[in-house]
Amino acid sequence: MAQNEKLMPQNLPGSGHQQRFAEAEHAEHIGATLRRIITYFVREKTTVLSMLAVVVFGTLCGIFAPSQQSKAIDIIAGEQQAGLSKTIFFMLALYLLYSFSNLLQGVLSAKLSQKVVKRMREELFGKLVDLPIRYLDTHSHGDVMSRMTNDIENISTTVSQSLPSLFSGTLTIIGTVAIMLWYCWQLALLSLVTVLLTVLATRILSGRVRKFSRRRQQLLGQLNGMVEEMISGYPTVVAYNHQKITTEDFCSTADSLNKAGIRTDIFSGIMGPIMNCIGNIGFVIIAAFGGYFSINGLISVGVISAFIVYAKQFSRPINEIAQIYGQLQTAIAGAERVFAVLDEKNEDPSGDEIKNVDAATVTFDDVCFSYDSKKPVIQDFSLTVPTGKKVALVGATGSGKTTIVNLLMRFYDIDSGKISINGQNIQDISRSSLRKEVAIVLQDTVLFSNTVRENLTYGAADATEEQLETAVEMSRCADMIYHLQQGYDTVLTGAGSNISQGQRQLLAIARAFVADPKILILDEATSNVDTRTEKAIQSAMQKVMENRTSIVIAHRLSTIRDSDLIVVMDHGRIVEQGNHKELLARQGRYYELYMTQYAGIAT
């Protein structure tokens, strides 16, 4: 709901993109977050154990295959007496099993990641629909959406790609070192010299890549934000001849992005050649010292061949783990952000059913409220809205009109005082029961990407065709629906972007009529329709409001002249109340507002 009384964080154009492309920060509580992530894997223990078994089996095949290659070379060289064909067949079988296990590992890891992410996404979405309005009002919508999409996607990518590589890489390193030491510990220690070079080079280059990658992602978010902002505000850009300045700003950011991108690609690109160079140094060490050891009878020629394979096999997972580290940090940080939402307190669903709904007298008794304890918004507000009467709330922006509706709907709970319906304190009524008896039409129309029929029955899924037709006729949108390509079955794309703002407003009004509420709230509900349509809706509303308690928030005073009671608010207090004629006769605050609109007199 729009709030005129409080400045809330806004979703500026591009903010969602900035969040989407910005690199995730490091998690603050890595241990606790990891333990919580593990609980999701425990629920999928069959898939996890299967994947681990495949990883272990594949790693063992990968480790023992080079030993068979060594044996085959020694048989050819005459240093061993064994069946060559059998050895080659066994080596081939190991390599085939290794390849098959990698394939199966990819299938299982993808299955595991989707199960974990599906569960996490469902929990998060379920949490979002149960959060209090205050949370969504005080948090950037782009940030909340990013947790649902970007952060969870990072977790999915890590589970499907990084974790299997981490497990297999760790096992490969341990197994490879063990078998190299078993073959020739002297040559193994010499081979490990290249490991130190690999770790050092990876650390230096990864730091540079992360630094410039972070800068590139931030600039990419800014660039996308600028594009989105320019497109959404293009008429304003053109109207103020701001094209040149906008283009210069875009080019400046694009230049910075270009430089950051080049540096990122340079350091990312040279990592491979440097690793290859270090690997080649390792091969030279193995060849030189291996030849020396072979001449002196310490090892065979086949062992030298195996060591070359093992050295390459050893360095590969080290490079992968170094790269995976950054992905894990991002995933853990994303998981922490998701868990932060899951840990938020839900809106309290408890309470009694609303009583005696045939009548609805709403009473505000010395109500006080503030969004921020330092700045009260509603002060000592007392008002009675009798059953079946129409009460209008008017006043300058920030006077507290919309907040009164927020409190009545229990979007927020009052600080002190009492709000009751037929004498029943709404604090004792469950929110769901209360909201079943209230329909609200906002100035900012909210429709959903669904059919016209589904939107109209959003608050009353069991509405009959007759009720639907009656509501459509009363809201004066029957002709509009008739001219839509598929009538009631027309799909509103982009939450109604394929119809005009005025048509969306008419549908929102009809939706409230279909709900058949005992209390009707209209927050500047006809502000987006033309004067002729507004008059038609006003006459229809009179019929709809006859047996309903109605609260109308209005800036255009022409829409509330026939109200039973007009309440003038200022800084959260009632300063005047009465009907239209009475308030004009007093020549007070209402008179000033009215004359400002219709006589051009400045207040």
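Positions are given from 1 along the sequence. Reckoned from all heavy atoms, side chains included, excluding hydrogens, waters and symmetry mates.
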* Does the distance from a Lys or Arg side-chain N to an Asp or Glu carboxylate O, for Glu336 and Arg35, drop under 4.0 Å? -> no
Nearest 0.5 Å, please: how far is [atom2] in [Y] from [atom1] in [X]?
X: Asp489; Y: Leu484; atom1: CG; atom2: CG; value: 10.5 Å
X: Tyr412; Y: Phe369; atom1: OH; atom2: CZ; value: 6.5 Å
X: Glu44; Y: Ser113; atom1: CD; atom2: OG; value: 11.0 Å
X: Ile281; Y: Ile285; atom1: CD1; atom2: CD1; value: 7.0 Å
X: Asp249; Y: Met226; atom1: CG; atom2: CE; value: 5.0 Å
X: Ile521; Y: Met409; atom1: CD1; atom2: CE; value: 5.5 Å

If you define the side chain from C-beta out and look only at heavy atoms, does anything of [X] sit under 4.5 Å from [Y]?
X: Val238; Y: Asn241; answer: no
X: Thr403; Y: Tyr371; answer: yes
X: Leu408; Y: Ile551; answer: yes
X: Arg511; Y: Leu447; answer: yes
X: Phe167; Y: Met51; answer: yes
X: Met569; Y: Ile404; answer: yes
X: Val405; Y: Phe411; answer: no
X: Leu393; Y: Val552; answer: no

* **Step-by-step side chain to side chain contact (heavy atoms under 4.5 Å, CB included) determination, Ile481 to Val472** => CA-CA 9 Å; Ile481 294 176; Val472 167; 3.9 Å; yes
Check: [Y] main-chain N/O paired with [X] side-chain donor or acceptor under 3.5 Å:
X: Lys401; Y: Ala396; value: yes
X: Lys111; Y: Thr47; value: no
X: Lys127; Y: Leu342; value: yes
X: Arg435; Y: Arg410; value: yes
X: Ser156; Y: Ile152; value: no
X: Thr176; Y: Ile173; value: no
X: Arg504; Y: Ile499; value: yes
X: Thr490; Y: Gln486; value: yes

* To do: Could you please spell out the steps behind the side chain to side chain contact (heavy atoms under 4.5 Å, CB included) verdict for Ile155 and Asp151?
  => CA-CA 6 Å; Ile155 297 170; Asp151 290 332; 5.5 Å; no
* Asked: Should Thr253 and Leu257 be marked as a side chain to side chain contact (heavy atoms under 4.5 Å, CB included) after you check the CA-CA gap, both sets of side-chain angles, and the distance that decides it?
  -> CA-CA 6 Å; Thr253 305; Leu257 175 62; 5.5 Å; no
* Asked: How are the rings of Phe339 and Tyr40 set relative to one another: parallel (under 30°), tilted (30 to 60°) or perpendicular (over 60°)?
  ->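 The arrangement is parallel - the two ring planes meet at less than 30°.
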At their closest point, which heavy atom of [X] faces which heavy atom of [Y], and how far apart are they?
X: Val394; Y: Ala554; result: CG1-O, 3.8 Å
X: Arg134; Y: Thr138; result: O-OG1, 2.7 Å
X: Ser109; Y: Gly106; result: OG-O, 2.9 Å
X: Gly126; Y: Asp130; result: O-OD2, 3.3 Å
X: Thr596; Y: Glu592; result: OG1-O, 2.7 Å
X: Arg147; Y: Ala340; result: NH1-CB, 3.9 Å

* Distance-only polar pair, side chains of Asn455 and Tyr488, donor-acceptor under 3.5 Å ->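 No.
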* Asked: Among side-chain atoms of Tyr98 and Thr59, is any donor-acceptor pair under 3.5 angstrom?
  -> no
* Asked: Listed by chain and number, what are the salt bridge (charged side-chain N to carboxylate O under 4.0 Å, His left out) partners of Glu123, not counting sequence neighbours?
  ->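 Glu123 satisfies salt bridge (charged side-chain N to carboxylate O under 4.0 Å, His left out) with Arg43 once adjacent residues are dropped.
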* To do: Please identify each residue that fulfils salt bridge (charged side-chain N to carboxylate O under 4.0 Å, His left out) with Asp343, with sequence neighbours left out.
  =>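 Partners of Asp343 by the salt bridge (charged side-chain N to carboxylate O under 4.0 Å, His left out) criterion, ordered by chain and then number, come out as Arg36.
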* Asked: Could you walk me through whether Asp523 and Val441 pass the side chain to side chain contact (heavy atoms under 4.5 Å, CB included) check?
  -> CA-CA 6 Å; Asp523 187 351; Val441 181; over 6 Å; no
* Asked: Does the salt bridge (Lys or Arg N to Asp or Glu O under 4.0 Å) test come out yes or no for Asp413 and Arg431, once each step is laid out?
  -> CA-CA 11 Å; Asp413 286 330; Arg431 287 177 168 85; 3.0 Å; yes
